[in-house]
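Remember, predicted model here, so these are calculated numbers, not experimental data. Throughout, protein chains are lettered first and strands after them, A, B, ... in sequence-line order, and every chain is numbered starting at 1.
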Amino acid sequence: MKIACFNINGIKARIGALSDWLEEADPDVALLQEIKSIDENFPRSHFEDMGYTVETHGQKSFNGVAILSKLPLEDVTFGLPGDDVDEQARWIEATVVDKRAVRVCGLYLPNGNPVPGPKYDYKLAWMERLYARAQELLHSEEPFLMAGDYNVIPQDEDAARPEAWEKDALALPDSRAAYRRIVNLGLTDAFRTVEPGSGHYTFWDYQAGAWNRNDGIRIDHFLLSPQCADLLLECRIDKEVRGQEKPSDHVPVWVRLNA
DNA sequence: ATGGTGGGGCTCCCA
């Protein structure tokens, strides 16, 4: 089972690039972030024609997450529990059924800038809710993963120029501590099991020639539960996607599971 | 210190 996450930065602008990558990479499941679309405007039938079941959790203009799956999905839920008045569409869950069942969670964690301010407060509060949801899922003891745009640079080695991010919401000590607290529940950063060290990024800003200078950061992550980590076969970043026509500022990350 | 780019959707917000 091949599962990918991809912050596409707008489905309308990315329908071509996303379709090309799906054809090439052929994931069974694609967790999409920043669809920037309401559910009614998502080009559902286009992806259904490519063989995917489509589940969206959209909102107008901003955020929005989706799941495309060639395998059957069960128990699809929308929104991160823990705040009934939160209207931002940043979380979607489903159980993917093949040889085994795996619970997949697609997430778009708040950016949090500028700091200090309400956006940073919202980021940390959202991470607290993520911690609680991870705890609940761990208690179930079923294999699960949480993947997407975490908007967290976990360590200095995850940035080409860590000094440029020192005071940014993506790398501040409180952001890193909140992320570490979640990982330390017993989750595995899938990419770090196959590629230790620096120089591996998932995001390059559109500005200032960041891609050409390889001035990137690693902020898109797969966190695996212990039962899911047991099934891990492979994890990769599809870096070349960033150099193709009309790219997103993020690239896909994917895992292959023995499931 | 500034401005650099891109998406959404509508004149400015968000990243």
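To the nearest angstrom, P of B:dC14 lies 17 Å from NE2 of A:His250. Separating the OH atom of A:Tyr150 from the P atom of B:dA15 is a distance of 18 Å, rounded to the nearest angstrom. Atom-to-atom, CD1 of A:Ile11 to P of B:dG7 comes out at 13 Å; the value is rounded to the nearest Å. Atom CG in A:Leu170 sits roughly 16 Å away from atom P in B:dC14 (whole-Å rounding). In this structure, A:Arg242 atom CZ and B:dT5 atom P are separated by 13 Å, rounded to whole Å. A:Asp249 places its CG atom 9 Å from the C1' atom of B:dG7, with the value rounded to the nearest Å. Distance A:Trp204 CH2 to B:dG6 P: 16 Å, rounded to the nearest Å. Rounded to an integer number of Å, the gap from CZ of A:Arg14 to C1' of B:dG7 is 8 Å.
The CD atom of A:Glu166 sits 7.5 Å away from the CG atom of A:Asp156 when rounded to the nearest 0.5 Å. The line from CH2 of A:Trp91 to CG of A:Leu130 is 5.0 Å long, rounded to the nearest 0.5 Å.
At the heavy-atom level, A:Tyr108 lies under 4.0 Å from the strands shown only through sugar-phosphate atoms.
Rounded to a whole angstrom, the distance from the P atom of B:dG9 to that of B:dC13 is 16 Å. One P atom belongs to B:dG6, the other to B:dT2, and the distance between them is 23 Å to the nearest Å. Spacing between B:dA15 and B:dG4 at atom C1', rounded to whole Å, works out to 14 Å. Straight-line distance between the C1' atoms of B:dC14 and B:dC10: roughly 15 Å, to the nearest whole Å.
Checking A:Pro247 against A:Glu34, the closest nucleotide of DNA chain B that is more toward the 5' end is the one next to A:Pro247. Mapping A:Asp205 and A:Asn113 onto DNA chain B via the closest heavy atom, the residue that lands nearer the 5' end is A:Asp205.
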Check: residues 223-237 of chain A side-chain donor-acceptor pairs under 3.5 Å, at least two apart:
from, atom 1, to, atom 2, distance (Å)
A:Ser225, OG, A:Phe144, N, 3.0
A:Ser225, OG, A:Phe144, O, 3.2
A:Ser225, OG, A:Cys228, N, 3.2
A:Glu234, OE1, A:Arg256, NE, 3.2

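Using bins of under 30°, 30° to 60° and over 60° for the plane-to-plane angle, the ring pair A:Phe78/A:His57 lands in the tilted bin. Note: A:Phe42 and A:Phe47 have tilted aromatic rings, judged against thresholds of 30 and 60 degrees for the angle between ring planes. Between A:Tyr179 and A:His221, the angle of the ring planes lies from 30° to 60°, which puts this pair in the tilted group.
Partners of A:Asp215 according to the salt bridge (charged side-chain N to carboxylate O under 4.0 Å, His left out) rule, which considers only residues two or more places apart in sequence or in another chain, are A:Arg161, A:Arg213.
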Polar atoms only, N or O, under 3.5 Å: list the protein pairs with nucleotides 9-11 of chain B and their distances.
from, atom 1, to, atom 2, distance (Å)
B:dC10, OP1, A:Lys60, NZ, 3.0

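Of the listed nucleotides (B:dA15, B:dG4, B:dG6), B:dG4 has the atom at the smallest distance from the side chain of A:Gln207.
OP1 or OP2 of B:dC14 sits under 4.0 Å from a side-chain N or O of A:Lys119.
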